[in-house]
Amino acid sequence: MATTTQHMNQIFLVLLLISFAISPAISTVPKECETDSTDSCIDKTKALPLKIVAIVAILVTSMLGVTAPLFSRYVTFLHPDGKIFMIIKCFASGIILGTGFMHVLPDSFEMLSSPCLEDNPWHKFPFTGFVAMLSGLVTLAIDSIATSLYTKKTVADDSEEKTTPMIIQIDHLPLTTKERSSTCSKQLLRYRVIAMVLELGIIVHSVVIGLSLGATNDTCTIKGLIAALCFHQMFEGMGLGGCILQAEYTNVKKFVMAFFFSVTTPFGIALGIALSSVYKDNSPTALITVGLLNACSAGLLIYMALVDLLAAEFMGSMLQGSVKLQLNCFCAALLGCGGMSVLAKWA
């Protein structure tokens with residue numbers, strides 16, 4: 001698992017550094033794209049307190065969302081093996097799917113088709129769809145390779161243990177425990193890979209939306225965004241928290257993953273505030289950088305939601321054994337998608 005974690009950390013650092021590369025968006029904005037300074041909603045002095053409120057509110061709601069599933073184990077009717085938890089997890093998966101389709105992907109299309117970009121090549125080729133497609137394929141490769149690496153390591157460890165006769169001959173109980181552990185290791189592996197890859201995509205997306213909020217001085221826009229992003233982060237955190245819970249990490253790893261999710265959007269807002277005097281969200285560099293990052297994030301989130309979350313659960317033994325539970329989970333997923341679709345009006 002250590003090798004897999006190292007690879008995932010390297011990928012995460014690379015994408016995070018790419019997201020920070022947006023700082024060169026200090027390029028000159030074309031005259032036809034300059035913001036009208038006479039707009040009554042543009043007020044930097046009034047916008048700053050609202051941004052600070054946004055940092056605190058989004059931090060709290062993100063922490064509540066991502067940590068709530070981690071404590072569900074201590075609530076009887078929300079036990080991870082129960083039907084209610086399965087329905088809640090499908091609802092959270094629907095939220096992640098809705099985020100990819102209704103929030104991230106449309107934003108990328110809008111940015112990369114902006115009139116502020118040159119006609120060639122940005123208006124002559126669908127870069128958003130192309131990058132999202134590649135992102136989905138790369139996510140599949142990461143998913144597959146990470147699973148393969150960890151499986152080989154697990155097999156190697158098991159073979160080494162079996163060569164020690166003392167463990168086999170002293171008592172039958174350790175052998176029984178190992179056999180039981182071996183049957184669960186593949187499923188546990190899938191949960192851990194899913195949790196890592198999903199967090200990677202959500203963090204990239206969270207930094208980008210935080211940066212956009214922090215850089216704008218439009219008070220009319222910020223007020224609506226605060227409420228919408230609070231709900232967005234809380235429900236998205238529920239989906240991630242459910243994956244972290246099933247991955248059965250140590251308490252320290254659970255805390256670290258929950259912490260990174262909770263602070264990325266507030267960090268993006270703080271970064272946007274720091275760059276607000278020079279950052280222009282309609283400059284070509286900003287549009288291209290954020291648009292491509294959104295396309296990458298959209299491809300990853302859509303793949304994870306459909307393949308690793310919803311399809312895996314609907315084809316699993318619990319749902320396949322009950323048509324009624326399948327319908328309940330489908331309605332829950334649809335409700336999650338619908339909720340994020342409604343929020344798309346404001347954020």
Counting C-beta onward and ignoring hydrogens, is there a side-chain heavy-atom pair between [X] and [Y] closer than 4.5 Å?
| X | Y | answer |
| --- | --- | --- |
| M86 | C329 | yes |
| S114 | N282 | no |
| I87 | C331 | no |
| L306 | L97 | yes |
| V104 | T99 | yes |
| H205 | L293 | no |
| Q233 | I209 | yes |
| S62 | F261 | yes |

Nearest non-hydrogen partners of [X] and [Y], listed with the distance:
| X | Y | result |
| --- | --- | --- |
| K254 | I244 | CG-CG2, 3.8 Å |
| K124 | N120 | CD-OD1, 3.8 Å |
| I194 | M304 | O-CE, 3.4 Å |
| G201 | S297 | O-OG, 3.2 Å |
| C337 | G98 | SG-N, 4.2 Å |
| L310 | A333 | CD2-CB, 4.0 Å |

Report, as yes or no, whether the 6.0 Å neighbourhood of atom [atom1] on [X] holds more than 12 heavy atoms from other residues, nucleotides or ligands.
| X | atom1 | answer |
| --- | --- | --- |
| F330 | CZ | no |
| Q320 | CD | yes |
| M63 | CE | no |

Under a 4.5 Å side-chain heavy-atom rule over Ile, Leu, Val, Met, Phe, Trp and Tyr, are [X] and [Y] clustered together?
| X | Y | value |
| --- | --- | --- |
| I288 | M133 | yes |
| L134 | V208 | yes |
| I222 | I52 | yes |
| L50 | V60 | no |
| L64 | F85 | no |

Exercise for review: Take L198 and D308 through the side chain to side chain contact (heavy atoms under 4.5 Å, CB included) test and state the conclusion after the steps.
Suggested key: CA-CA 9 Å; L198 181 61; D308 282 338; over 6 Å; no
Review point. Are a donor atom and an acceptor atom from the side chains of S108 and T128 found within less than 3.5 Å of each other?
Key: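 On atom types as modelled, these side chains qualify, holding a pair under 3.5 Å.
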Distance in Å, [X] [atom1] paired with [Y] [atom2], rounded so as to fall on 0.5 Å steps:
| X | Y | atom1 | atom2 | value |
| --- | --- | --- | --- | --- |
| F267 | L211 | CZ | CG | 9.5 Å |
| F109 | F127 | CZ | CZ | 12.5 Å |
| I273 | T216 | CD1 | OG1 | 11.5 Å |
| L112 | W122 | CG | CH2 | 6.0 Å |
| T139 | L200 | OG1 | CG | 8.0 Å |
| N294 | S135 | CG | OG | 11.0 Å |

Would you say [X]'s side chain and [Y]'s backbone share a donor-acceptor pair under 3.5 angstrom?
| X | Y | result |
| --- | --- | --- |
| S144 | L140 | no |
| H103 | M340 | yes |
| K44 | N217 | no |
| E248 | L188 | no |

Exercise for review: Applying side-chain contact (heavy atoms from CB on, under 4.5 Å) between I58 and each of T264, I226, L213, report the one that passes.
Suggested key: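 Running side-chain contact (heavy atoms from CB on, under 4.5 Å) over T264, I226, L213 with I58 returns exactly one hit, L213.
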Review point. Could you walk me through whether C296 and V204 pass the side chain to side chain contact (heavy atoms under 4.5 Å, CB included) check?
Key: CA-CA 9 Å; C296 288; V204 172; 6.0 Å; no
Exercise for review: Give me the ring orientation class for F125 and F130: parallel if the planes are under 30° apart, tilted from 30 to 60°, perpendicular past 60°.
Suggested key: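 Answer is perpendicular, since the angle exceeds 60°.
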Practice item. Test side chain to side chain contact (heavy atoms under 4.5 Å, CB included) on I95 and M238 and set out the steps. Key: CA-CA 9 Å; I95 287 171; M238 288 174 58; 5.7 Å; no
Exercise for review: For side chain to side chain contact (heavy atoms under 4.5 Å, CB included), just list the numbers for Q246 and R192, CA-CA rounded to whole Å, side-chain angles, deciding distance to a tenth of an Å, and then say yes or no.
Suggested key: CA-CA 8 Å; Q246 290 186 313; R192 290 185 173 180; over 6 Å; no
Exercise for review: Begin with the C-alpha distance, continue with both residues' side-chain angles, and end with the deciding distance and a verdict on ring pair (Phe, Tyr, Trp, His ring centres under 6.0 Å) for F91 and F235.
Suggested key: CA-CA 9 Å; F91 170 74; F235 290 127; 5.8 Å; yes
